[in-house]
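What follows is a short report on a single structure.
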Amino acid sequence: MTDRETWMALEGGPGSDAPYRSRLAGVGVAIPDRILTTEALMASTRHRTSIDLERLTGIRARHVVSEGEDSLSLAVGAATDCLAHAGTDPAELDVVISASITRYVGGLAMRFEPPLSLAVKEAIGAPGAASFDLSNACAGMLTGVFLLNDLVRQGRIRKGMVVSGEDISGLGANAARQVRSVLSRQLASLTLGDAGAAVVVERAPQGAAGIDLAGFTTLSEHSRLCLAYPARSGPGATMYTRARTIHKVAVEDSLPLLAEVLGRAGIDVGDVDYLIPHQTSARAIRKGTKVIAEQFGGEPKHVVVNVEDYGNTASTTHFLALHRYLEEDRFRPEDRVLLLSFASGLEVGVVLFTVGELAGGHGHAH
Amino acid sequence: MGTRIEALATAVGGRRLFAPGARRLADTAARQCLERAGRNASEVGLLVNTGLYHDRNMGEPAVASLIQEDIGANPGHPPTAHRGTFSFDLYNGACGVLTALSLLDALLASGTIGLGMVVAGDADPAPRHSRGVWFSPAGGAVLVHRDHTDGGLGPVHLDTFPEHAGLLRSSVRWETRTAAGDGHGHGRNVLTIDRDPAFAEQALECAERSVRAWAEGEGTALATVDLLVAAGPDPDFASALASRLGMESAAVVGPEGPMATAHTAAMIGALEAASLHGWLPASRKALLVSAAAGVTVASALYRA
């Protein structure tokens, strides 16, 4: 094993010899107007429960689709918003990757063929882009960025888009008929909200800031801790999660991986200005941050928690949070942001980037 | 420097009640593929599953992660003294294998991974309840690495013809049971595949258009291709495409035997057949083509 070899499939870092550098050019979202509060959701449970879900998770409400909205409409809405922020002509896109868990089109009809990415690229006017769907649970979008980063860095493509439309709140509606206590394996479904998100990854000009490092690994001995299938009791799907176990192993097993990432990037955890972890619950994020601080003797300057009004929007959470912070002008160009993914599989992924000109396409400057 | 196919394997299932499902078929093919290459599963840096019709239509996690665990490709706890395995699912119908190979080619070239595997496996997720399942249960696996010699896999070209997207559509949706139903509930989520009889012919025409346009753009004379390896909606897709492209002097091969009616694993079946005939290892310039719903066409050159 050479010094550059790591457990994670990592690409980037100082000394990396790729001919080009990639960057995030813009982020877009599509958020349904309809809001479902946690109070209203818990009032709809079939069985009387004493679960204080808002206190447990920090989720006050989530947005949910209305009639006529689905995975495809959310994906197209987010992609269109993203193109505007990135200042990208859709005809420039070489690749479009659809990375949602849900692929509902026309109600709760889960699409298998043709791929959803085909409909997205047609809708946004990118007919010449290569396209495919990718499925990697809540790590789908970050996996897409990992792949596009590799293609851009080698000069195989100049621009690509990762898009996801998560029409996933139906799992919560199905869970509401089953959940009896905090021990229910469907409890995590009650945290889900709907959203679309998209990001353009492009070749960065010489010397410009961009993606510093991207990497992934799958700790598949934990692959059966969260499983989702079409529901037996009604339309949509049902998800069974061993939430506590998955959180425990995600935190424990990711520590050496995070050390690898920081080592390859040549930074300390305190050099990370913003950590955006997968947004499952405020409590889980705080617990995870505490473990990181104990292990590394420091912590990121800011840890982003974005669940209060959106819940867990599956594969879109990182980009929903990133979009919000960009719109709120929170970042300085020199800020270093770490997107950290934990997802069923168990997937552990990172994208470390420097904000640079990304902020210019958002917020007041836009 | 080129990305080369190191080993291929396929597995076919049966239609009996307890026949292996999609994941087991992919597992079997993956294990056999590793055995043929004399490799250990722990050497695989990236495992991509392109199988579309999974057992029980599982939506999460990626089926690739289950296969990774099944075959023992670094399933556990990172000891940091070794490279791990990353896995995910990629869906592009019967073009999924070539699409995934193009990504593996890139990640191998960048040195992000050292060895990659694409697996595919499809089976009827709910026999007796699904509609329009036209493919036979089958799995496949292909192992690729990069070496310092010239040749290997060229750029994979993907074309889509969305005007024909309606010719093959599939989805899982809830259907309320009628009085004639089995009476155990109020309904069921059912997989329905609608394949228009015109799909096969249209896919063939799209493949011809795509390959001709690509060859012209690349300045590749089809007459210099000595082997066509193709998989599409019909078992005779490869020979029909060769005829349309006027490739009389090239050897032509598609998936054979039970793999002829496979779905996403069909391209692996075709490559395995080409390898078993000795044509792929001997080919100076092979053209790989697959066609799928969309209509999507994937094509690439492979130099042994």
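Each chain gets a letter, A, B and so on, in the order the sequences are listed, and its residues count up from 1.
- Side-chain contact between A:S131 and B:T160: present, with at least one pair of heavy atoms (C-beta onward) separated by less than 4.5 Å.
- Neither the backbone nor the side chain of A:A237 comes within less than 4.5 Å of any heavy atom of chain B.
- A:E221 places no side-chain N or O within donor-acceptor distance of the main-chain N or O of B:E69, the cut-off being under 3.5 Å.
- When the salt bridge (charged side-chain N to carboxylate O under 4.0 Å, His left out) test is applied to B:R195, no partner is found at least two apart in sequence or on another chain.
- Counting heavy-atom pairs closer than 4.5 Å to chain A, the top residue among B:H54, B:M58, B:R56 is B:R56.
- Of the atoms belonging to B:D70, it is side-chain heavy atoms, and not backbone ones, that fall under 4.5 Å from chain A.
- The most heavy-atom pairs under 4.5 Å with chain B, out of A:L10, A:V249, A:T217, come from A:T217.
- Chain B forms more heavy-atom pairs under 4.5 Å with one residue of A:A231, A:G234, A:A9 than with any other, namely A:G234.
- For the pair B:F88 and A:L134, the minimum side-chain heavy-atom distance is below 4.5 Å.
- In terms of heavy-atom proximity, B:A293 sits nearest to A:P115 at O-CD, 4.3 Å.
- Ring geometry, B:F86 versus A:F216: the interplanar angle falls under 30°, so the pair is classed parallel (tilted spans 30 to 60°).
- With sequence neighbours left out, A:F112 forms a ring-ring contact (aromatic ring centres under 6.0 Å, His included) with B:Y53.
- Contact count against chain A (heavy-atom pairs under 4.5 Å) is highest for B:T85 among B:L158, B:T50, B:T85.
- Other residues, nucleotides and ligands contribute more than 12 heavy atoms inside 6.0 Å of the CZ atom of A:R224.
- In terms of heavy-atom pairs under 4.5 Å with chain A, the best-connected choice from B:S170, B:A64, B:A292 is B:S170.
- Within the 4.5 Å cutoff, side-chain heavy atoms of A:L147 are placed close to those of B:L103.
- Most heavy-atom pairs under 4.5 Å with chain B, from the set A:S233, A:A343, A:G349, A:S117: that is A:S233.
- Residues A:F146 and B:L107 are in side-chain contact: their nearest non-hydrogen atoms beyond the backbone lie under 4.5 Å apart.
- For the set A:R232, A:H222, A:M239, A:E252, the count of heavy-atom pairs under 4.5 angstrom toward chain B peaks at A:R232.
- Under the 3.5 Å distance criterion, the side-chain polar atoms of B:D89 are left unmatched by any main-chain donor or acceptor of A:N136.
- Not a single donor-acceptor pair under 3.5 Å links the side chain of A:S344 to the backbone N or O of B:E60.
- Counting heavy-atom neighbours within 6.0 Å of A:R242 CZ, excluding the residue itself, gives a total of 12 or less.
- Separating the CZ atom in A:F132 from the SG atom in B:C95 is a distance of 12.5 Å, to the nearest 0.5 Å.
- Nearest approach of B:P61 to A:S223, heavy atoms of both residues: CG-O, 3.2 Å.
- Between B:G294 and A:L118, the closest heavy-atom pair is O-CD2, 3.2 Å.
- Annotation for A:W7 and B:H82: closest pair CE3-O, 3.2 Å, computed over non-hydrogen atoms.
- For chain A, the option among B:N189, B:L168, B:N57, B:L90 with the highest count of heavy-atom pairs below 4.5 Å is B:N189.
- Note: A:T143 leads A:I101, A:L151, A:T143 in heavy-atom pairs under 4.5 Å with chain B.
- In this structure, the side chains of A:R156 and B:D105 come closer than 4.5 Å at one or more pairs of heavy atoms.
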- Given side chain to side chain contact (heavy atoms under 4.5 Å, CB included), test A:R111 with B:R173 step by step and report yes or no. CA-CA 9 Å; A:R111 168 79 69 84; B:R173 72 163 68 220; over 6 Å; no

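- Most heavy-atom pairs under 4.5 Å with chain A: of the set B:L47, B:N92, B:I67, B:T112, this distinction falls to B:T112.
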- Going through the distances and angles, do B:E163 and A:E122 end up as a side chain to side chain contact (heavy atoms under 4.5 Å, CB included)? CA-CA 10 Å; B:E163 63 272 27; A:E122 284 303 307; over 6 Å; no

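- Counting heavy-atom pairs under 4.5 Å between each of A:P230, A:A137, A:A259 and chain B puts A:P230 at the top.
- At distances below 3.5 Å, not a single donor-acceptor pair connects side-chain atoms of A:T218 with backbone N or O atoms of B:S65.
- Residue contact with chain A, scored on non-hydrogen atoms closer than 4.5 Å, is absent for B:H164.
- Contact of the B:S110 side chain with the A:R153 side chain is not registered, since no non-hydrogen atoms from C-beta on lie closer than 4.5 Å.
- The two atoms that bring B:A106 and A:Q154 nearest to each other are O-NE2, 2.6 Å, heavy atoms only.
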